[in-house]
2 protein chains.
Amino acid sequence: MTYRDSHGRTLQDYPRPSVAVDTAVLSVLPDGRLAVLLANDGDDARLPGTFVHPGETLARAALRALRDKTGVDGREPRQLHVFDAPDRDPRGWVLSVAHLDAVPYRALDFDAGRAELRPVDEVRGLLYGHDEIVRMAVERLRDDYAASPDPAQLMPGTFTLRSLQNLHESVLGIDLPRDTFRRTMEPQLSTTGGIERGGVGKPARTFRTR
Amino acid sequence: MTYRDSHGRTLQDYPRPSVAVDTAVLSVLPDGRLAVLLANDGDDARLPGTFVHPGETLARAALRALRDKTGVDGREPRQLHVFDAPDRDPRGWVLSVAHLDAVPYRALDFDAGRAELRPVDEVRGLLYGHDEIVRMAVERLRDDYAASPDPAQLMPGTFTLRSLQNLHESVLGIDLPRDTFRRTMEPQLSTTGGIERGGVGKPARTFRTR
DNA sequence: CAAATAGTGTCTTTTAGACACTATTCG
DNA sequence: CGAATAGTGTCTAAAAGACACTATTTG
């Protein structure tokens, strides 16, 4: 059955845009800097993206692009914004749905030949205006990390409050007071009963997200 | 010049989705209830929407749909979410970009034969799962109205603090303490120097948004 | 023991809210 | 004057932050 509108036309009779997805994968480097995953495009860099295929959701397309363009397994792409300026793309009418995905550094097994992790402070001059997407992604992630512990699940299963605070400071780009951080976050966590002896100093209790 | 990809194909060689926009126009009724503009669709109701045309932005398409389906002049549609389930629409592959637009009641000159304003508390059973869009629109507008005075510019050019508070209470769906509201909002407003004599009681100074 | 880190008591500052008072109008 | 609304002083409660203290480990 083909559906027809009041003029007897089907969906195929109207021009349609191409729809792309571009994803800012954010992660925290071992040195504590917040970074974004970029794909090489000739001499330039861009966010990994692709056109959406029939029968595919946007999130699925975003994950496929990450895998195909960078070798990375993404997790849960979230929509940020649809870029829709009609003359954005010289190839024609293309809408691009920007996404954010947060992936732990330890799970980022990217193909160094085709991709790089660049600290967000050093992102400038990406192709297709992707700087703006990075900016929106960082802002969204920072909003998420303002009040609750590791909402994007970047920590491993169990962790100490100190390591959780380090993560939050990396994401937010600011230092946090240790005592206030503990008082805010501890009630939102579960204790594992475990202890982590990290070398010098009093061993720390370990927690997990609830 | 037609751009070709690495397989020598153009954008036209790939299947593309139809892209629709659906807009929740929110407004405050004279009785103080927050309401959404619905378009009649046979015996049922839905948010006004349309397919996006070539050369047109999403916001422009949303405004066109409001005008054509309800007779309303919208203002500044903002994106909420892209609904992308591949089997959403029986007519085929259709992405729908949900929008929010806030319009003052006094500017809502809608066509009563084709449209209605329904209090958001009474919205249930809209076509195409549009209940969910209304829910998202209300949530977003409430977030906006939590901390700053009339961010969607629903008030006229000058207004008293009491009338501003009434608006905020309508949008948020809760009562606010009068003294705290004043102390939060007044520093974010400019005085006009004007006075509004509203009948009984001390006349109120008028303000405008900065 | 010194150094280092975990964990916490307590004081101060800030902010939101409660409450009540004064100010100014209409009828 | 009484009723009604505008505007504000002040107290309390809650939350965030500063600071310093105790606790427990390694070397």
Side-chain angles (χ1 to χ4, degrees), chain A residues 28 30-32 142-151 155-210, chain B residues 28 30-32 142-151 155-210:
Chain A
V28 175
D31 69 8
R142 287 182 172 163
D143 286 348
D144 291 346
Y145 274 77
S148 69
D150 191 24
M155 297 298 285
T158 74
F159 48 83
T160 64
L161 267 167
R162 180 73 244 179
S163 60
L164 180 68
Q165 183 176 342
N166 287 339
L167 169 66
H168 278 249
E169 290 176 339
S170 290
V171 169
L172 298 177
I174 54 172
D175 288 344
L176 298 170
R178 190 169 60 96
D179 43 12
T180 301
F181 183 79
R182 172 181 293 272
R183 290 179 177 121
T184 308
M185 297 304 173
E186 190 172 336
Q188 305 182 54
L189 298 170
S190 302
T191 51
T192 64
I195 296 281
E196 188 172 299
R197 333 184 79 81
V200 66
K202 178 173 172 176
R205 285 183 283 162
T206 62
F207 298 85
R208 62 170 148 262
T209 51
R210 193 161 297 164
Chain B
V28 174
D31 68 10
R142 286 182 173 164
D143 285 349
D144 291 346
Y145 274 76
S148 70
D150 192 23
M155 297 297 287
T158 74
F159 48 83
T160 65
L161 268 168
R162 180 73 245 179
S163 60
L164 180 67
Q165 182 176 341
N166 288 339
L167 170 65
H168 279 247
E169 291 177 337
S170 290
V171 169
L172 298 177
I174 54 172
D175 288 345
L176 297 170
R178 190 170 59 97
D179 42 11
T180 301
F181 183 79
R182 173 182 294 271
R183 288 178 178 122
T184 307
M185 298 303 173
E186 190 172 337
Q188 306 181 54
L189 298 170
S190 302
T191 51
T192 65
I195 295 280
E196 187 173 301
R197 336 185 76 80
V200 66
K202 179 174 172 176
R205 286 183 282 163
T206 62
F207 298 85
R208 63 171 146 261
T209 52
R210 192 163 297 159

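Convention: sequence-line order gives letters A, B, ...; per-chain numbering from 1.
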Between [X] ([atom1]) and [N] ([atom2]), how many Å, whole number?
X	N	atom1	atom2	result
A:F181	D:dA18	CZ	P	15 Å
B:D175	C:dA16	CG	P	18 Å
A:N166	C:dT5	CG	P	11 Å
B:E196	C:dT25	CD	C1'	14 Å
B:L164	D:dA6	CG	P	12 Å
A:Q165	C:dG7	CD	C1'	13 Å
B:E186	D:dT8	CD	P	6 Å
B:I174	C:dA16	CD1	C1'	13 Å

Taking the side chain as C-beta and beyond, is there a heavy-atom pair between [X] and [Y] under 4.5 Å?
X	Y	answer
B:L189	B:T209	yes
B:H168	B:V171	no
A:Q165	A:L176	yes
B:R205	B:E186	yes
B:R178	B:R162	yes
B:N166	B:F159	no

Base-pair map of DNA chain D as dot-bracket, where | denotes pairing with a different strand and pairs are Watson-Crick or G-U under 3.5 Å: |||||||||||||||||||||||||||
I'd like to know if the side chain of [X] reaches the main chain of [Y], judged simply by a donor and an acceptor atom lying under 3.5 Å from each other, with no hydrogens or angles considered.
X	Y	result
B:D144	B:P151	no
A:T192	A:T206	yes
A:Q188	A:A147	yes

Using a 4.0 Å heavy-atom cut-off across all strands, classify B:R162 as base, sugar-phosphate, or nothing. sugar-phosphate
For B:R205 and D:dG7, is the shortest distance between a side-chain N/O and OP1 or OP2 below 4.0 Å? yes
What is the per-nucleotide protein-contact pattern of nucleotides 19-27 of chain D, from the 5' end, where B denotes a base atom under 4.0 Å from a protein heavy atom, S denotes such proximity for sugar-phosphate atoms only, and - denotes neither? B---BBBS-
